[in-house]
Visitor: 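I have a structure here, written as C-alpha cells, and I will follow up with some questions on it.
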2 protein chains.
Amino acid sequence: MCGMTAEAAIGRRERKKQATRESLIEAAFGLFTDKGFEATTVEEIADAVDVSSRTFFRYFASKEDVVLTFQEEQQVMFLELFRARPAEEPVVTALKRAAIEVARACEEGVAGFDSQRFTCLQQLMETSPAVMASSLQHQQQKQQLVAEAVAERMGVDPATDLRPHVVSAFANCGIRVASDCWQQGRLNGFGTFSEAIEQAFSLLEEGVNYPAAVTR
Amino acid sequence: MCGMTAEAAIGRRERKKQATRESLIEAAFGLFTDKGFEATTVEEIADAVDVSSRTFFRYFASKEDVVLTFQEEQQVMFLELFRARPAEEPVVTALKRAAIEVARACEEGVAGFDSQRFTCLQQLMETSPAVMASSLQHQQQKQQLVAEAVAERMGVDPATDLRPHVVSAFANCGIRVASDCWQQGRLNGFGTFSEAIEQAFSLLEEGVNYPAAVTR
DNA sequence: CGACACATGTCACAACATGACACTTTAAGC
DNA sequence: GCTTAAAGTGTCATGTTGTGACATGTGTCG
C-alpha cells in the first residue's frame, strides 16, 4: 500500500479505456441535456470525444445503454445495502430502508453519485420513451437478484416460492412510483425523492387493500 | 337492424383497412413464432401480406407495436372488468378478480382473444428484450388509467394522493410476476396462468411485510 | 527489442423508421 | 352519374442504429 491508488495500480491501457468510457458518458449526458435524447446521434457523442462511432458501440451496446450506467450503479448499491440490513427487520422494511439510503445518496451526490446526472436521468425517462423502456427492462432484469436476496432473508426457495418474487417486484414498483410522482410534483407537500420513497414503501408495509370508503 | 353486422355497416375502405391490419398481425405472429422476433424483418411481414414496407409503418409505429396490439386489448378488458366490480369489494380484491377474469379469457380464447397468440406473446417477451421493453413501457403507460379508476373507487384525488398510484402499480407487478413465474414453470404444482395471478394477488391482499423467519 | 494481445479506425452493410411525392381507389356532393 | 376531395398505397430517398470484417496502431510482457 505504498500510496498507490487503485487507478495507478492498473496499466495505462486500462486507464485510457476508463477515461474514454467516462468521457463518452460525460459527453452523452451533456448532449442529452442540451438537445434531448433522440435528437442527439451516436456520431455526435463519439465526435465530441474524438473517437469513431464504431468505438462507441464497443463501450455501449446501444445509445440507451449509456444512461443506464447510472441506474446500474444505483441497483448495485441498493442490493448491497439491503443485504446489510439487520436480520430482524421485516423484509419490506429492510427494502424500504435500503431504498431510502440510495435515494439520499442520489440527492446528496455521494462518492461518484452525481446528483446532477440523477436529475438528468429522471428527466430523460420522462421525455424519451426509448429511455423509459430500457430503464424498465433493466430494472426488471435486475429484479431477479433482489428476489434471490429476499428469498435468502426469508429462508425460502425462490425456485418454488412466489413470495420473494412478488416482494421484490413490489419494491421495484415502489421506487418507480415514487420516482414518477416525485417528478410530477405530486405528493402534496413532500419534496424530496427519499421522502417519496418512504411514503410509497410505508403504504406497502401497512397493506394496500383499501375498502371502498377511504377516510384516513 | 336488417341483419347487418357492424362490419357491413361501415364502408368498403374501412373494411379493407381492417383486413390488411389483421393480415399484418396474423403474418407477423406467424413469422415471429417461426423465426423469432429479431430474425424476421418488417419487409418479410409486409411481403407476406403483399404490401410495401412503408405501408406496414402506416399501420404500426414500430415492429414491436404489432405484438402490443394484443396486450392493448387485454388492458382495455381489464379496466372494464375492474370498473364493473361491486363497490363493496376492497380495491386489491377487485383488481384481483378482474385480473383473473382476463387471464381466464386468454386461456380459454374467448371472443377475439386467441389463446395461441397469448402464448406466443408470452414467449416473445421471454426471448426478445425489445418486446419485453416495449411491453413494460406500454403497461407502465396504461397504468395511469388504472390509477385513476382506483382513485375513483377509493374516493380520493389521484393528483395529490399517492395511494392509488401505488396500488395500480402493484397490480401491474402482480400480473407481471405471475406471468413470469408461470412461464418459467415456477409455482410448485399450480399450472394455469389465472391460478398464478390468483396467488400473486392473494399475497398482496394479505400483506407482504414478512418477518425474517417465514414458517407458513 | 520483439512477439503478442488489445483497442481503435475504416469500410461495408442490413434493418428500422420517416418524409416527400405520385398514383389509385373510395366517399361524398351536386 | 359525374366531379371532386379525401384517404390509402407505392416508390424513392434519406438518416440513424447497430454489427461484422479486416487493417493498423498502441500497450504489455518476456
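Note that these values count all heavy atoms, side chains included, but never hydrogens, waters or copies made by symmetry. To find a chain, count down the sequence lines: A is the first, B the second, and so on, and within it residues start at 1.
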Visitor: When you measure from the centre of the six-membered ring of B/Phe201, is the NZ or CZ of B/Arg97 under 6.0 Å away and within 45° of the axis?
Guide: no
Visitor: Going by disulfide (SG to SG under 2.5 Å), name the residues that satisfy it together with B/Cys106, two or more places apart in sequence or in a different chain.
Guide: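 Applying disulfide (SG to SG under 2.5 Å) to B/Cys106 gives none.
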Visitor: Is any side-chain nitrogen or oxygen of A/Lys17 closer than 4.0 Å to OP1 or OP2 of C/dC6?
Guide: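 No.
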Visitor: Give the rounded distance in Å between these two atoms: CZ of A/Arg12 and P of C/dA7.
Guide: 15 Å
Visitor: Any side-chain heavy atom of A/Gln199 within less than 4.5 Å of one from A/Leu203?
Guide: no
Visitor: Between atom CD in B/Glu64 and atom P in C/dA15, what is the gap in whole Å?
Guide: 15 Å
Visitor: Please check the phosphate of C/dT26 (OP1 and OP2 only) for any side-chain N or O of B/Lys16 closer than 4.0 Å.
Guide: yes
Visitor: For A/Gln116 and A/Cys120: C-alpha separation, side-chain torsions, deciding distance, then whether side chain to side chain contact (heavy atoms under 4.5 Å, CB included) applies.
Guide: CA-CA 6 Å; A/Gln116 209 166 354; A/Cys120 181; over 6 Å; no
Visitor: Table please: side-chain donor-acceptor pairs of residues 23-34 of chain B below 3.5 Å, with sequence neighbours left out.
Guide:
from	atom 1	to	atom 2	distance (Å)
B/Ser23	OG	B/Ala19	O	2.8
B/Glu26	OE1	B/Arg117	NH2	3.3
B/Thr33	OG1	B/Phe29	O	2.4

Visitor: Could you tell me the separation between the CD atom of A/Glu43 and the P atom of D/dT17, rounded to a whole number of Å?
Guide: 9 Å
Visitor: Taking NZ from A/Lys63 and C1' from C/dA17, how many angstroms apart are they, rounded to a whole number?
Guide: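 One finds 13 Å between C1' of C/dA17 and NZ of A/Lys63, rounded.
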Visitor: Whole angstroms only, please: what is the CD-P distance between A/Glu44 and D/dG15?
Guide: 14 Å
Visitor: In whole angstrom, give the distance that lies between atom CZ of A/Arg21 and atom P of C/dT8.
Guide: 12 Å
Visitor: For DNA chain C, what residues of residues 48-60 of chain B have any heavy atom nearer than 4.0 Å?
Guide: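 Contacts with DNA chain C under 4.0 Å: B/Arg54, B/Phe57, B/Arg58.
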Visitor: So that I can tick it off, tell me whether B/Glu101 and B/Arg85 are bridged by a salt bridge, with the cut-off set at under 4.0 angstrom between side-chain N and carboxylate O.
Guide: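 Here B/Arg85 pairs with B/Glu101 in a salt bridge, since their nearest N and O are under 4.0 Å apart.
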Visitor: Cation-pi between A/Arg104 and A/Phe193: NZ/CZ under 6.0 Å from ring centre and within 45° of the ring axis?
Guide: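 No, A/Arg104 does not lie over the aromatic ring of A/Phe193.
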Visitor: Whole angstrom is fine here: how far is it from CZ in A/Arg15 over to C1' in D/dT26?
Guide: 14 Å
Visitor: Between A/Ala61 and A/Glu14, who's closer to the 5' end of DNA chain D by nearest nucleotide?
Guide: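 That would be A/Ala61.
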Visitor: Starting from P on C/dA15, measure out to CG on B/Asp47 and report it in whole angstrom.
Guide: 12 Å
Visitor: Can you figure out which of C/dA17, D/dT28, D/dT9 approaches the side chain of B/Ser62 most closely?
Guide: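 Selected nucleotide (nearest to the side chain): C/dA17.
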